[in-house]
Structures are given as C-alpha cells and as structure tokens.
Amino acid sequence: MSADLANDIRITLPDGSVRTTTRGSTGAQIAASIGAGLAKAALAVKLDGELKDLDLPILSDAKVQIITRKDPEALELIRHDCAHLLAQAVQELYPGTQVTIGPVIEDGFYYDFARNEPFRPEDLTVIEAKMRELVARDLPTKRTVWDRDKAAKHFLDLGEVYKAEIIRDLPKDEEVRVYYHGDWHDLCRGPHLMSTGKIGTAFKLTKLAGAYWRGDAKNAQLQRIYGTAWRDDKELGVYLHRVEEAEKRDHRKLGREMDLFHIQEEAVGQVFWHPNGWTLYRTLENYVRRKITKGDYREVKTPQLMDRKLWEESGHWENYRPNMFIAEVDEGEHKEKRMLAVKPMNCPGHVQIFKQGLKSYRDLPLRLAEFGSCHRYEPSGALHGIMRVRGFVQDDAHIFCTEEQIIPETERFVKLLSDVYRDLGFDTFSVKLATRPTPRAGREEDWDRAESTLELACHRIGIPFTINAGEGTFYGPKLEFVLRDAIGRDWQCGTIQIDYVLPERLDAEYVAEDGTRKRPVMLHRAILGSLERFTGVLIEHFAGKFPLWLAPVQAVVATIVSDADGYADEAVAALRAAGIRAEADTRNEKINYKVREHSLAKVPYLLVAGRREAEQRTLAVRRLGSEAQENLALTEVISMLTREAAPPDLRV
RNA sequence: GCUGUUGUAGCGUAGUGGUAGCGCAACGCCUUGGUAAGGCGUAGGUCGUGGGUUCAAUUCCCACCAACAGCACCA
C-alpha cells in the first residue's frame, strides 16, 4: 500500500482486476507495468469507455483498457492518423494548401483541402509515397493545449482560415488542442497514436473529389482526397478484393453483359429495356400486382400530362418546378399557350379519382394503387445507371383513410412489405422515421400528430427504428424501409408517408357517420420504390444469378450433335408450353463452348441434348454454379423446373 | 448543378500532327465434337459533337454533349 493515499488512484482493468497506481500515471506506463509486450503493442488507452492518448496523465479512478492493433478501436485510430498523415504530406508537397477537416469514414478516411490548383489523379501516387516516407521517419506525436484566441490568431496568420473558423465554432467548454507530428501540427480533438510509425503501411489513397465546405452547396468547394486504411496488409487486401467484387456486380455492367437494357444520349436518364430486362421487370411487376390485389388495393392509371393548375394546387409547382418536365401546347392563335407538366408523382391524380362522386366513411380505407410512370428532371450528377433516372415507375399507392385507420393501415402495409422483401430474397430490413424538414407545408399540430402516430405504429408492430431528423417530405413525415443486400450494402426502397396537406389543398373529403364532411388522411406508400431502381438492386444483390422465377432465360437446351436439333426444338416447345422461358442452342459449336457461354450468361439451367438424350427422350441437366450433371426424362425436367419456377406467392 | 477524370467498331482496349491497329463478340466456310473458349476466313470505325489553329487534326486549342467518381440533390 502506498503511504500517500491522496496520490494514488485505482484503475480497473478489463479482466476486472484492480490496481493502484500513482495519480498522473499514463496509459503507456500502465501498459509497461503489465508487460513489455503490451507496452510495445499499445496504441492508445480507453478510459471509462473513451479513447485517449497513451501519454495522457490519468488523474482519477477509472476503468482502463489498453488498446492494441488487435482491438476493433485500432481501426478508427489508424484511420484518423492516416487523415493527419495525408494532410501533412499534402502540406509538405504543396505549400500554401489549406487544411480543413479529415474524418474517419466507413473503410477509411478523407481530408478536405483548399487549394487553387486542382489535384491530379497522378498526384495521389506522389502523396501516398510521401505518407509512407513520413511513417518511415516515425515522427513523434505531441499534444498541446492552446488558448482559444491565440490558436485562432495563429492559424489565421498561417493563412488557415478554415481552421480559424473551426476554432471559433468549437463549444466554449472544449479544450483547443493542437497535435504535433514532428514539426507539422494540426488542430485536432485527438486522440492520436504516439508516432507516425504506429500507423503501419496498410493504407492506400483511393479517389479524388470535390466537396463543399461544411456540406453546403452554397459554400466554397474544396478538394477531397479519399483513402482506405487497415490494421495490416491482409485486411487491406480483403477490402480491395471486396471492392472488386462489388464492381463485378455493378448493374450497369451486368445489364450490358446479360442484354437487359441500355441507356443512350438521346434519352438521358431513361431506360431502353431489352427483351431480357423487360421480362425481369414484368415478372417483378406482376408479382407485386398480385400481392397488392390480394392486399385489397384497387389498381388505377392516371394521365401522364396534367395542367399546370393542378400542380399549383398540389404545391408541387411551388416546391419542385425546376425538377419537372413541362410541355407547352399551342391551342390556336386566339388562345394562350397551355402549360402541362409531365407527372413527377401520382398523388394528385389519385386524389382526382377519389374526388369523383361523393365518398362515404364506408368507402374508407380506399387503397388506390398505380404502377405510375413518373418523370423528374434529376440533376445530371445524380444519374446512375437505372438506379437514379429521370423516367421511372413507382409501385405507388395512396390510402385514403380516417385518422383512426392510420395505425392499422401502417401495420397492414408493413406486413405486406415484409412479405414482399422476404419473397424477393431479402431477409431483414431496417426502419427509419424521417421527421419534419424545413421548409414544409401544413400545420405544426398536424406534424406533431403525424410523427407520433408513425412512432406509435412502429411500437405496435414491434419494429425498432431510428430517427432520420429533418428528412421527411414537405407534406409529411415518413417511415423509410432499408434493405441490406448480399454484400452488406443498404438500399432505401419502401416508404409510407402521412399526408394531411394534399387532401386539403386538393379538397378531398368524405361524408362521416354523423353526416358532416371530413378530410381523409392520405398515406403515400411504395414497397419497391422505383421499379427501375429495384431491378438494379436485384441485379446487384444476386450478382445477375437470379432465382429461377426471376431469371429472364430460365433454361437453354444445348445440342451436342446436329442430329439432336429436332429433339431440342421439341424439348423447348414442351418447356415453353409449361411456362418455362427456354431457348434452344443448336449452333454449330462444341458443347464446351456452349456450356461456357451460357454459364457466363448466368442461365440457371443448361439442358444438354446429345444423340443419347434424343433417343431416350431425356436431358442432361446442369444447374448454374454446379458441375454435376443429372440425366432426367424430359417430362421430369419439365415438372422439376415448373415447380422451381413458380413465383414465391404462387407456390403450393 | 459543382469539382475532377474520360470519350477510338457491339464490348474491352493500343496508338499517332501525315485520314487507325489488337482481343472478344458478329458473319461465312470446315469441323458433329459429351459439359467452361476447335480451325480458317470475312466484314465492321467521318476516333462523342461543333468550331478554331495548321499545307495537313483522331492527335493541339475552345465550346458543347455524354459517361464515370465524389459532393450537393432525391417530392
């Protein structure tokens, strides 16, 4: 026991053991007292759950964990240090470049710089080499605490106006810390590794991009350099391999290879669906159509072009005019030109249908669904394959209901949506509640009610959700449904939105039980979102290897000898008669060639017909992804494929 | 929309101030071959579009269009 209790502190290690040590001991010293190996491996220390510098004096009792390269926290530390390293390298190579911020992101880090001259892709190699040189020099880290005004002036004098702005905006009670890595220094909250050598070499600069200061398009645009960093080369290799694999599933690449669709300059942002792609699309659409029909939706179709007046009433003209396609029609010399808008949404049209004839509370909830073709003038930079386009179709529906019906309708919808997602090969999804944005339409009390209703609905259904603050639509809050695909990427697809605004603006009403006229509430909802985008998601999720019911070409009957051609044609006809999308390949090619080609085209079943098969009326069945073959009678093949090709909602 | 990069045959690419090659695919002929590329041959390009510089532009310059990456946007 130490003689001086006032100078001792008690630290608790992760294994639960408690040690007494001198007040002011550092994580490094504690690590050394545990063992030389740990001291060497130590990167940082976690005090009561917070990451700190290894040389920070510990002043009071605390739970202490020494962080080494093996801990998951190491990644964050390494990446943060990499960001600094990048900034240091850039400032050494390109004096006069201002530093701004450099956070850790998923898989890596970035740093935003202000520099008049643009960085070139070739510069990345040079910068990365400089970074490696700084690591090799093993520059020691030093933490200093500055007076706020002095720090602000210091950075301003250096011409670092962004850093000065950051200091000015730091919370008043926060220490202004400046870290030195050798001679170079940067304003930073920390913590940092004790020297540049600890970063290791498993990093790589990946891309170059423009990015707005503080994420606001009104501000100056900075130059961002992205990098990835890992604990060791093996992890880096795994990451790079993962990126490659993601590239292989790119729907734009597969769309071309599998002859699904194309896009060309004369119709930017719109899809030319090829027969194969359109088969996939229709299979998906028909499936959803069956699901919503069973779910008591009524399908409708509304006009593509509607008068400006309607869009003014709905509020879209005011909120989205620049993003709408406009058509002007000259109706004759004496009349004014009439202005129509190509519909960017289906809701105003559905309200028009609702308003035909007087509706009773008995008609509610009324669920009007439409595979609504919409056009939006998306900014050029937003376009991406078939995932983000200017012409698309939503699996849209609007539920006209009473206030009391919102929660049951939401429950009903979530049930339907989870069925669909499961059928399509996605086992789980997450939910986000997007709350009121600015600017917005409608009364505050309606927003209060709408938000809490959605929250309540989630509790009732028993689904966890996170809040997406300020991300609601201009007319109401929404639930967003996010899918996770086969390689862990998230896709926001489904949505349900409460809307009190549009029924009022477009004057929708119904007769209540007491004979008075009331406003219905409108629920906007979609399961897939855009069919174009969802098809893209499916392509990437399955990497083009669709389950049989979705595959555009389900089977190819390939012949070995031309004597089997007649039988192959017969087999294809029989398969088609049974509803299988089959094709014959009777080309003058060897079977090896055909196997390779159809395997690359991702055809699920290859049915080989040689002389033997033709005589015995069988087929050699080879399933995509397997080298095994099985000889089955044609009739057996047909019944097997028919069973497997049934859409999930029609399986017995 | 902003920043950067790119644009050569259906796809993937090489190349140059003196009007373009290669591979795959396509087409034709030979080959009838038993489960991931058989052989030979043929055809296909106003080098994204429009201007400019030049004796000469696909190459150099400018503008526009489009694609790609990121940012911003996504009713």
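Throughout, protein chains are lettered first and strands after them, A, B, ... in sequence-line order, and every chain is numbered starting at 1.
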* Structure fact -> Ranking A:N592 and A:A217 by the position along RNA chain B of their nearest nucleotide, the one closer to 5' is A:N592
In terms of the angle between their ring planes, are [X] and [Y] parallel, tilted or perpendicular, with boundaries placed at 30° and 60°?
X      : Y      : value
A:H262 : A:F272 : parallel
A:F481 : A:F413 : perpendicular
A:H316 : A:Y320 : tilted

Could you tell me the separation between the [atom1] atom of [X] and the [atom2] atom of [N], rounded to a whole number of Å?
X      : N     : atom1 : atom2 : result
A:E313 : B:A75 : CD    : P     : 23 Å
A:R390 : B:C65 : CZ    : P     : 11 Å
A:L383 : B:A72 : CG    : C1'   : 14 Å
A:H384 : B:G1  : NE2   : P     : 18 Å
A:M258 : B:G10 : CE    : C1'   : 18 Å

* Given A:E540, which of A:K545, A:R252, A:R489 fulfils the salt bridge (charged side-chain N to carboxylate O under 4.0 Å, His left out) condition? -> A:R489
Is it the case that [N] (base atoms only) and [X] (side chain only) share a donor and an acceptor within less than 3.5 Å, ignoring hydrogens and angles?
X      : N     : answer
A:Q221 : B:G4  : no
A:R533 : B:C74 : no
A:R256 : B:C11 : no
A:Y377 : B:G1  : no
A:R252 : B:A67 : no

* Asked: According to the Watson-Crick and G-U wobble definitions, with both distances under 3.5 Å, which nucleotide is paired to B:G4?
  -> B:C68
* Side chains of A:S373 and A:K343: do they bring a donor and an acceptor to under 3.5 Å? -> no
Among [options], which nucleotide sits nearest the side chain of [X]?
X      : options             : result
A:P344 : B:G70, B:A75, B:A36 : B:A75
A:V595 : B:G4, B:U35, B:G33  : B:U35
A:A620 : B:G34, B:A69, B:A37 : B:G34
A:P121 : B:C65, B:A37, B:G4  : B:G4

* Respond yes when some side-chain nitrogen or oxygen of A:N319 is under 4.0 Å from OP1 or OP2 of B:A75, and no when none is. => no
* Asked: Is there ring stacking between A:F474 and B:A75, where the centres must be under 5.5 angstrom apart and the planes under 30 degrees?
  -> no
